[in-house]
Amino acid sequence: MDYEPSDVTVVDRKDEITSRIPRPAEAPAPASPPQQSSETPASGLERMHATRHIRLEDLHAYYGSNHAVKGVNLSFEPGKVTAIIGPSGCGKSTMVRCVNRMHEEIPGARSQGRVLLDDVDLRGPGVDVVAVRRFVGMVFQKANPFPTMSIFDNVAAGLRFTGTPRDEITDRVNAALEAAGLWDEVEGRLSEPGMSLSGGQQQRLCIARALAVEPAVLLMDEPCSALDPVATLKIEELIGQLKQRVTIAVVTHNMQQAGRVADTTAFMLSGELVEVGPTEKMFTNPDDERTEQYVTGKFG
Amino acid sequence: MRRRHAINRAVEVSCWTAALLAVAVLAIVLVSIALKGAGEINLDFLTQNTSSFGVGGIGNALVGTGILIGLAALMAIPVGILIAIYTSEFAGRRSGFVIRYVLDILNGVPTIITGIFVFALLVVGHQQSGWAGAVGLAIVMLPLVARSCHEVLALVPGHVKEAGLALGASRWRTTLSVTVPTALSGMITGALLAVARAVGETAPLLLVTSIYPDLLVTDPSQPLPNVTVTIFRYSETPDPVKHAQAWGAAFILILFVLALSIVARSLSARMRRRLGAAR
């Protein structure tokens, strides 16, 4: 089963993002218009890259009067895993929740700044949050399969929400389970409840559920913090395999995990982005003194 | 040390006694109704119409109560569920609180007041009717349905609802596809308990659907014979045969309520198990 979306799918998706997410008038025209012609010899993969770069510009987030994220500028690069580390309460989860606009679901919460998916501001006026969340998937700290649904229905849920034609659903569910490394374990028992799986399997089920709608970006908010080391390792391996298909941002309080999975690491402290750079440099030779103190375990 | 131990013992014993007392009251009620009523139950009693003289039965009253409860449930359950969905999923903190408070007050309104209200609204100037009785019972049921459904919807963990939203489902879609199915057995429990409560209500019916013929009536625009008013009427007659039949009708009523409660409890246990796994 090949998970790679076909060229046609990519073209459709580009149409969708431009039609469903209105562009703000002042937004600059795309620097390099995404290739839409299927004759171009570029692979589907590269096309996907064309629509999956996330850039945060001067992003602020608040809970009531609490200023949780203070003007962050950060990029999630296509084909790479970006880890966001920092002590509890530093605003790292809040920041990624601004990307798919889950932050605004909390009463009293608000945000300002720009969140650009390529050249489209996801926070722009009139942008449909439903469309945003189709392009930006999320995996949560606690595995949260839908309790009443079977394994199959859990993965199919997003497809059904977005009106995917019935005859495509089975193939895409199977492909997503394959991509999440769960297919071999659940083949033949897709109709069993999602809750019957182990904790690690449930989390991979949630990853499959997020992947099924073929998002451009996958946000993972401490995806392994409730899992044992074996299940954690499986998810980390999975992150490495998936990064070619989808831009990944992982929030983690586990620095070893950031070291294992991330190409780029960002360090946040008290709502501010202290430093961002290649993971190896961040852990061996960071520019900022606070980063060094944190990664060497002097605080946090 | 010894004193503390003694106090501990005393408190424990009094709690036990109080709990035992509650169980004993229920047991005495059930046993006495069963002793006096069970003997009355036979096919004639269940199928014959009510009568002022002679043996008769409660057949038409059972049918009438069924219609009244059915109509009341059709009015109260959908509205109650919509209110619960609003208060648990959509309302702001303040409006949700106000609505729930109002429901609690409505729940505390004595049912004779509800009866007078419905009497003034629907009976004065018209006549007694099944519709009026159903509205009275619906008013009794509404706060029970809305509050119990609110509680179970609020039990669905936030991270499960978040999963729906993060997948690109709108709020109402998440509510319908994720939250309500997860809470469904608990919501059915709430509805069943409200039915169990309404089926035994007498006060509203006494005022709005109590002057009925000893015949089978199925038209709700007429006063409908019903079980609770029949129990009341039979117990007011000097005829020992009717007294025995009042016990028989009470026995049927309490069996029905008991059965509903047991079904409701088992459903809610199922939901708790499911949510326990989701937590």
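Numbered from 1 within each chain, the chains take letters A, B, ... in sequence-line order.
- The local environment of CZ in B/Arg265 is sparse, with at most 12 non-hydrogen atoms from other residues, nucleotides or ligands closer than 6.0 Å.
- Summarising the geometry of A/Ala143 relative to B/His159, their closest heavy-atom pair is O-CE1, 4.4 Å, with the distance given to 0.1 Å.
- Residues of residues 166-180 of chain B lying under 4.5 angstrom from chain A, judged on non-hydrogen atoms, are B/Ala166, B/Leu167, B/Gly168, B/Ala169, B/Ser170, B/Arg171, B/Arg173, B/Ser177, B/Val178 by number.
- Between B/Ala163 and A/Phe146, the shortest heavy-atom distance links the atoms CB-CE2, 3.8 Å.
- For residues 96-106 of chain B, every residue pair satisfying the side-chain hydrogen bond (donor to acceptor under 3.5 Å, both in side chains) rule, not counting sequence neighbours, is listed here: B/Asp104-B/Arg147.
- The distance from atom CD of A/Glu104 to atom CG of B/Leu165, rounded to the nearest 0.5 Å, is 10.5 Å.
- With sequence neighbours excluded, no residue forms a ring pair (Phe, Tyr, Trp, His ring centres under 6.0 Å) with B/Phe251.
- Evaluation of the side-chain contact (heavy atoms from CB on, under 4.5 Å) rule for B/Val102 yields B/Val98 as partners, not counting sequence neighbours.
- Within 6.0 Å of CZ on B/Phe97 lie no more than 12 heavy atoms contributed by other residues, nucleotides or ligands.
- Looking at A/Arg101, there are no atoms closer than 4.5 Å to chain B (heavy atoms on both sides), in backbone or side chain.
- Atom CD of B/Glu162 sits about 13.0 Å away from atom NZ of A/Lys142, to the nearest 0.5 Å.
- Within a 6.0 Å radius of OH in A/Tyr62, other residues, nucleotides and ligands contribute more than 12 heavy atoms.
- For A/Pro145 against B/Val160, the heavy-atom pair with the smallest separation is O-CG2, 4.4 Å.
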